Number of protein chains: 2
Amino acid sequence: MARPRKPLLSTDRIVETARALVDAEGLAAVSTRRLAAELGVSGPSLYNHFRTKDEILEAVADSVSAQVDLSMFEDGRDWRTALHDWAVSYRNALRDHPNIVPVLARGPGRRPAALRLADAAYGAMVEAGWPPAQATSIGALMRYFIMGSALGSFAGGFVDDASAYDPADYPHLGQAHLLAEQQEKIDERAFEAGLTALLDGLALQYEQVRQQV
Amino acid sequence: MARPRKPLLSTDRIVETARALVDAEGLAAVSTRRLAAELGVSGPSLYNHFRTKDEILEAVADSVSAQVDLSMFEDGRDWRTALHDWAVSYRNALRDHPNIVPVLARGPGRRPAALRLADAAYGAMVEAGWPPAQATSIGALMRYFIMGSALGSFAGGFVDDASAYDPADYPHLGQAHLLAEQQEKIDERAFEAGLTALLDGLALQYEQVRQQV
DNA sequence: GTCTATACTCCGATAGAC
DNA sequence: GTCTATCGGAGTATAGAC
């Protein structure tokens with residue numbers, strides 16, 4: 001076969017297959033040859049639809065950004081509730097596709113869904129009365145926290161092996177090997193605790209800012 | 001030359017050279033051949049000192065963790081001040097070696113300096129009266145925030161090109177192309193704002209926890 | 001026990017035939 | 001728009017020199 005009657009590939013099909021592969025086996029498993037094999041074509045065929053492998057990964061990343069709900073910024077919720085719900089939705093999207101997070105963490109760049117996300121959050125904060133500079137900071141600091149929470153599981157970063165943490169070296173890590181087991185619950189709780197603290201702290205700053213006007 | 005009188009390599013020299021290479025040209029620039037060339041040696045020689053390339057990167061990461069000051073947990077500062085100073089020191093270390101952050105973000109694993117860091121922070125929170133579960137959450141959420149802030153610059157994630165952000169698509173991103181320019185200042189300010197909010201919020205939780213005792 | 005030489009497999013990407 | 005052939009370079013295993 002040289003040129004089929006109907007195209008075998010489409011950008012959508014490539015992105016979907018790539019996302020499934022990333023989810024199942026990680027970023028490192030995505031080689032052009034491997035991805036092409038999953039699609040039933042030869043490696044270089046991908047280059048008819050994307051200029052580089054990185055473009056494919058960017059498209060996968062953006063398809064994950066597109067899953068974040070933004071409706072909370074439109075229905076008159078107060079800024080704090082909206083920010084909370086947005087953060088949870090954002091985090092859930094990343095948690096469902098943790099392997100692509102390193103690509104997302106590079107920033108929005110030119111990815112449309114990521115830009116819509118930044119635009120909506122920033123716009124809502126300005127709308128709620130935050131001065132532009134503070135609204136920028138809020139966008140940044142929420143991103144730090146959410147990306148950080150998705151990038152590396154805290155609990156999963158410890159080894160599931162008691163002998164790895166000698167009490168003589170690390171007097172307080174006696175239970176650390178248990179963290180790996182309860183990973184999900186611990187990360188979930190830490191995320192909620194951090195988000196609550198962050199929003200409580202921001203509410204304090206908001207009062208000060210509003211009194212100055 | 002087959003076997004030199006004096007060893008040309010040492011683990012320290014490899015780690016130092018690798019760190020310099022990572023800092024100067026990024027993670028992707030570190031191949032065993034390239035690193036060996038910098039050391040004046042052939043590629044496979046590295047495998048006499050490290051079992052894999054990944055072990056070298058882990059060692060580089062840990063040498064950065066070792067730069068984080070931990071003295072604030074020992075001199076009787078209150079938990080909030082100590083946590084603040086620790087976060088700043090932590091972030092500064094990462095900011096000085098941003099290219100290695102993806103490796104650090106995988107978690108402490110078996111890296112001694114990273115474990116000392118987790119141990120010190122967790123121990124200090126328990127010492128200050130936080131219940132163990134909350135102390136774990138604090139360790140996690142601080143890590144989220146600090147790693148997130150170091151991993152991808154928020155401001156640097158935007159493209160330095162006004163035409164990339166069409167107002168019709170992103171009504172609130174009119175100035176976004178300017179962010180890349182002022183990267184450092186914006187990231188610095190967002191980090192401080194977030195850290196203050198986080199600590200304010202935690203102080204609120206602390207009061208509640210202490211009242212229950 | 002530390003190095004060099006060599007080789008194997010896989011990678012991203014390009015050129016050109018159909 | 002797909003194929004095959006091919007390139008340079010990656011990680012790393014192994015054999016052997018000294």
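Since this is a predicted model, take the numbers as computed values, not measurements. A note on names: the letters A, B, ... follow the listed sequences, proteins ahead of strands, and every chain is numbered from 1.
Counting non-hydrogen atoms of neighbouring residues, nucleotides and ligands closer than 6.0 angstrom, the CD atom of A:Glu184 reaches no more than 12 such neighbours. Remark: A:Glu127 CD is loosely packed, at most 12 non-hydrogen atoms of other residues, nucleotides or ligands lying under 6.0 Å away.
Each side-chain hydrogen bond (donor to acceptor under 3.5 Å, both in side chains) pair with one or both residues in residues 135-149 of chain A, not counting sequence neighbours, appears once here: A:Tyr144-B:Asp187.
The separation between B:Leu39 atom CG and C:dT2 atom P is 15 Å, rounded to whole Å. One interatomic measurement links the two molecules: CG of B:Leu35 to P of D:dA10, which rounds to 12 Å at whole-angstrom precision.
Cation-pi check for A:Arg116 over B:Tyr170 is not met; the charged atom does not lie both under 6.0 angstrom from the ring centroid and within 45 degrees of its normal.
Which of D:dA10, C:dC3, D:dT14 sits closest to the side chain of B:Pro44 comes down to D:dT14. Here the side chain of A:Arg33 is nearest to one of D:dC7, D:dG11, D:dT4, namely D:dC7.
Within residues 22-30 of chain A, the residues approached by DNA chain C to less than 4.0 Å at the level of any non-hydrogen atom are A:Val30, in residue-number order. Residues of residues 45-61 of chain B that place a heavy atom closer than 4.0 Å to DNA chain C, in numerical order, are B:Ser45, B:Asn48, B:His49.
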Would you list the atom pairs, donor with acceptor, under 3.5 Å between side chains in residues 194-202 of chain B and any protein atom, with sequence neighbours excluded?
residue  : atom : partner  : partner atom : Å
B:Thr196 : OG1  : B:Glu192 : O            : 2.9
B:Asp200 : OD1  : B:Arg80  : NH1          : 2.8
B:Asp200 : OD1  : B:Arg80  : NH2          : 2.9

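A side-chain N or O of A:Ser71 and one of A:Asp69 form a donor-acceptor pair less than 3.5 Å apart.
At the heavy-atom level, B:Ser42 lies under 4.0 Å from base atoms of the strands shown.
Not a single side-chain contact (heavy atoms from CB on, under 4.5 Å) links A:Asp96 to another residue, sequence neighbours left out. Contacts of A:Tyr122 classified as ring pair (Phe, Tyr, Trp, His ring centres under 6.0 Å), with partners at least two apart in sequence or in another chain: none.
Distances shorter than 4.0 Å separate none of the side-chain N or O atoms of A:Ser31 from OP1 or OP2 on C:dC10.
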